[in-house]
There are 2 protein chains.
Amino acid sequence: MQNLSKMDILKSYLETKGLKSTSQRDYIADTFFKTNTHISLDELLKKVKRKTPNIGYATVYRTMKLLTECGLAIARQFGDGQTRYENLPDDGHHDHIICIKCSKICEFQNQKIEQLQAEAAKKLGFTVVNHKLELYGYCSECS
Amino acid sequence: MQNLSKMDILKSYLETKGLKSTSQRDYIADTFFKTNTHISLDELLKKVKRKTPNIGYATVYRTMKLLTECGLAIARQFGDGQTRYENLPDDGHHDHIICIKCSKICEFQNQKIEQLQAEAAKKLGFTVVNHKLELYGYCSECS
DNA sequence: TTGAAAATGAATATTATTATCATAAGCTAA
DNA sequence: TTAGCTTATGATAATAATATTCATTTTCAA
Ligand SMILES: [Mn+2]
Ligand SMILES: [Mn+2]
Ligand SMILES: [Zn+2]
Ligand SMILES: [Zn+2]
């Protein structure tokens, strides 16, 4: 399952779950796969409706739920009350830093932090499954 | 403002804002100050109603908003859809590790992680105001 | 004491998310 | 290809947490 495209991964996930392929689902997924932002359901719905205006909110909602389940999308909550989705990154896990004035979101990776997290968890007897690290502040243009 | 009790800090905050002292507000704040958990509004309301059953949800909500504003309470969201509040800790900032099975919450401090966060932010031109680090996994009893 | 300003609490509004249901579409086996 | 069963869709409604409204009560400074 290394070199399959995202759409192929989705298709095989649907198959294992006994789910069906539909034009709406495909188009929503494809539209999402082409984004490189942290997109909300409303934003994605708007994008999708440009070509297929009759598509419903519920279908976008269910498709993103599906993509999250199979790992192709990651659901994020940055505190503005809206769940946002991003594509599974090629280069592995990353964390976020968010500007509290203009809402700009930057991403960063820090292996040392990840390692220290694991150590802290181990010390408390926990087995970490996932984590959330978000820094909030002012970006260079807003400070 | 070093050695003032939390209630005194609240009182002086109210004063600067031209707000008034009321028995309800005092009792809710005092009840909250005595907690040492991450408490939800519903839980706090229930606790408060034991002695003063006629107190309303809105007053608890508004009091916690006030305490959060003046820094005496910290609002946390651990992903269960409920905002939880904790007292401003005496020993400074801490982060959390949450069991995804039994919901146990442990706290930890790690100065090295904090430092690395600051460095990562600086590299991106950000000035960090606050941050959120949450580890999710299984506690020793659940793994 | 009194009157303007703020607080209260019940109720309602808002908002994001999730569920329902009648109908449409996909798929499998004849 | 078609029949028949399953799943998907989209409009709408239900949920649930949070936030606001408003008539009434309370506070507090003059
Ligand atoms: Mn990201
Ligand atoms: Mn805590
Ligand atoms: Zn900014
Ligand atoms: Zn546990």
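First the proteins, then the strands, lettered A, B, ... as listed; each starts at 1. In this text, all values refer to a predicted model and were calculated from it rather than measured experimentally.
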Spacing of B:E15 atom CD relative to D:dA29 atom P, expressed in whole Å: 8 Å
Salt bridge check, A:K46 against A:D42: does any charged N sit closer than 4.0 Å to a carboxylate O? no
Starting the side chain at C-beta, find the nucleotide from D:dG10, C:dA7, D:dA8 nearest to B:L19. C:dA7
Between B:S21 and B:T83, which is nearer to the 5' end of DNA chain D once each is assigned its nearest nucleotide? B:T83
Judged by nearest nucleotide, the residue sitting upstream toward the 5' end of DNA chain C, B:R25 or B:K49, is B:R25
Side chain of A:T59: nearest nucleotide among D:dT9, D:dT20, D:dA11? D:dT9
Using a distance-only criterion (donor-acceptor N/O pair, under 3.5 Å, no hydrogens), is the base of C:dG9 paired with the side chain of B:R62? yes
Quickly work out the B:K11 NZ to C:dA7 C1' distance and round it to whole Å. 15 Å
Taking CG from B:L45 and P from D:dA16, how many angstroms apart are they, rounded to a whole number? 17 Å
Just compare C:dA19, D:dT9, C:dT17 and give me whichever is closest to any side-chain atom of A:Y57. C:dT17
Grab the CG-C1' distance between A:L14 and D:dT7 for me, whole Å please. 11 Å
Could you state the CG-P distance from B:L66 to D:dA19, rounded to the nearest angstrom? 14 Å
Rounding to a whole Å, what distance do you find between B:Q24:CD and D:dT24:P? 18 Å
N-O pairing of B:R84 and B:E43 below 4.0 Å: yes
Side chain of B:K20, base of C:dA5: donor and acceptor closer than 3.5 Å? yes
Hey, is the main chain of A:H131 close enough, under 3.5 Å, to the side chain of A:Q117 for a donor-acceptor pair? no
d(CZ, B:R84; P, D:dA17) in whole Å: 11 Å
With the side chain of B:Y61 defined as its heavy atoms from C-beta on, choose the nearest nucleotide among C:dA10, C:dA7, D:dA19. D:dA19
Could you tell me how far apart A:N54 (CG) and C:dT23 (P) are, to the nearest whole angstrom? 18 Å
When you compare the side chains of B:H38 and B:E86, does any donor N or O come within less than 3.5 Å of an acceptor on the partner? yes
Is there side-chain contact between B:L133 and B:L135, with at least one heavy-atom pair below 4.5 Å? yes
Select from A:I28 and B:L41 the residue whose nearest nucleotide in DNA chain D is closer to the 5' end of that strand. A:I28
Less than 4.0 angstrom between a side-chain N/O of B:T22 and OP1 or OP2 of C:dA6, yes or no? no
